[in-house]
Amino acid sequence: MAATTPISLDETMVYHDLREWIAKQQAKRKPLNEIQLRAINDLLHSDEPEGDLDWNSVLNQYCQVHFAQGASVNYKDTGEPLKWLCTVIFKFASHSDPLPFPSLEAGFIADPATGAKAAPFWTRKKDAKKYAAKCCVEWLIAGGHVARDGGIPKAKARSVAPAVAIFNVKQENGSTTTAGSPQP
């Protein structure tokens with residue numbers, strides 16, 4: 001049985017060990033096994049969506065506050081273990097078209113190899129959902145609909161025309177006209 005080296009938390013040592021392992025693997029020219037592929041995939045996709053906000057909560061709170069205007073959000077998860085993608089379908093108001101996030105305008109990133117822009121995949125479904133919500137909330141922040149700290153302004157009250165009672169008035173000359181007066 002081969003002796004194992006204790007794991008060091010020294011960052012320079014970790015990078016040194018990783019470079020050494022890569023050099024050995026390249027010299028062997030053998031395909032990586034499933035455990036190695038998973039470990040590399042975890043390294044490549046280990047970053048969580050950035051920010052201190054709970055992006056999903058901010059987005060859901062926005063929809064609750066603006067429910068009367070028709071704001072809504074739906075999540076669509078696709079993928080397989082270790083390769084998740086989530087899309088938020090956000091409707092700003094009842095009369096607006098649904099907006100997908102991430103999108104070309106908000107959240108797509110360039111592939112280093114091809115330069116093509118696409119939504120990133122995540123190793124955890126939870127992180128994919130968090131990233132999709134983050135893209136939507138950042139779009140709302142950029143538009144001034146949400147404060148930078150995630151605060152949601154209250155929905156503006158709709159102005160409603162006063163109810164009018166319509167009734168017929170008999171004129172002195174015998175003719176009838178229609179009149180209206182606001183009801184309290």
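Just so it is clear, the structure is predicted and the values come from calculations on it, not from any experiment. The first residue in the sequence is number 1, and the count goes up from there. Computed over heavy atoms, backbone and side chain alike; hydrogens, waters and symmetry mates excluded.
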- Message: Please determine whether side-chain contact (heavy atoms from CB on, under 4.5 Å) holds for the pair Y75 and L59, giving the CA-CA distance in whole Å, both sets of side-chain angles, and the decisive distance to 0.1 Å.
- Response: CA-CA 11 Å; Y75 294 89; L59 185 54; 3.8 Å; yes
- Task: Give a yes or no on whether I89 and V73 share a hydrophobic cluster (residues Ile, Leu, Val, Met, Phe, Trp, Tyr; joining criterion: side-chain heavy atoms under 4.5 Å apart).
- Result: no
- Tell me, with the steps shown, if K125 and K129 meet side-chain contact (heavy atoms from CB on, under 4.5 Å). CA-CA 6 Å; K125 193 180 205 181; K129 186 175 181 180; over 6 Å; no
- What's the spacing between K30 NZ and K24 NZ if we round to 0.5 Å? 13.0 Å
- Task: Is it possible for you to check whether K130 lies under 6.0 Å from the centre of the six-membered ring of W55, through NZ or CZ, and within 45° of that ring's axis?
- Result: no
- Task: Specify the closest pair of heavy atoms between S72 and C63, including all atoms of both residues, with the distance to one decimal.
- Result: C-SG, 3.6 Å
- Item | Approximate separation, where rounding is to 0.5 Å, of K91 NZ and D97 CG | 7.5 Å
- Message: Quick check for you: to the nearest 0.5 Å, what is the distance between R124 atom CZ and C86 atom SG?
- Response: 14.0 Å
- Flag yes if I141 and F90 sit in one hydrophobic cluster, no otherwise; membership is Ile, Leu, Val, Met, Phe, Trp, Tyr, and two members link when side-chain heavy atoms are under 4.5 Å apart. yes
- Note on the structure: Scanning both residues in full, the closest heavy-atom pair of G107 with C135 reads CA-SG, 3.4 Å
- Could you walk me through whether Y131 and W84 pass side-chain contact (heavy atoms from CB on, under 4.5 Å), step by step? CA-CA 11 Å; Y131 182 74; W84 290 101; over 6 Å; no
- For F92 and S96 the tightest heavy-atom approach is N-OG, 3.3 Å
- With side-chain contact (heavy atoms from CB on, under 4.5 Å) as the test, would you mind laying out the steps for T87 and T78 before giving the verdict? CA-CA 8 Å; T87 303; T78 57; 5.9 Å; no
- Note on the structure: Which of Q26, R19, Q25 passes side-chain contact (heavy atoms from CB on, under 4.5 Å) with I22? It is Q26
- Taking every non-hydrogen atom, the tightest pair across V146 and G151: CG1-O, 3.5 Å
- Note on the structure: Of all heavy-atom pairs linking F108 and A119, the shortest is CD1-N, 3.5 Å
- Should L99 and V58 be counted in the same cluster of Ile, Leu, Val, Met, Phe, Trp and Tyr side chains packed under 4.5 Å apart? yes
- Do the rings of F101 and W139 sit parallel, tilted or perpendicular, given the 30° and 60° boundaries? tilted
- Tell me, yes or no, whether the heavy-atom count around F67 atom CZ, taken from other residues, nucleotides or ligands under 6.0 Å, exceeds 12. no
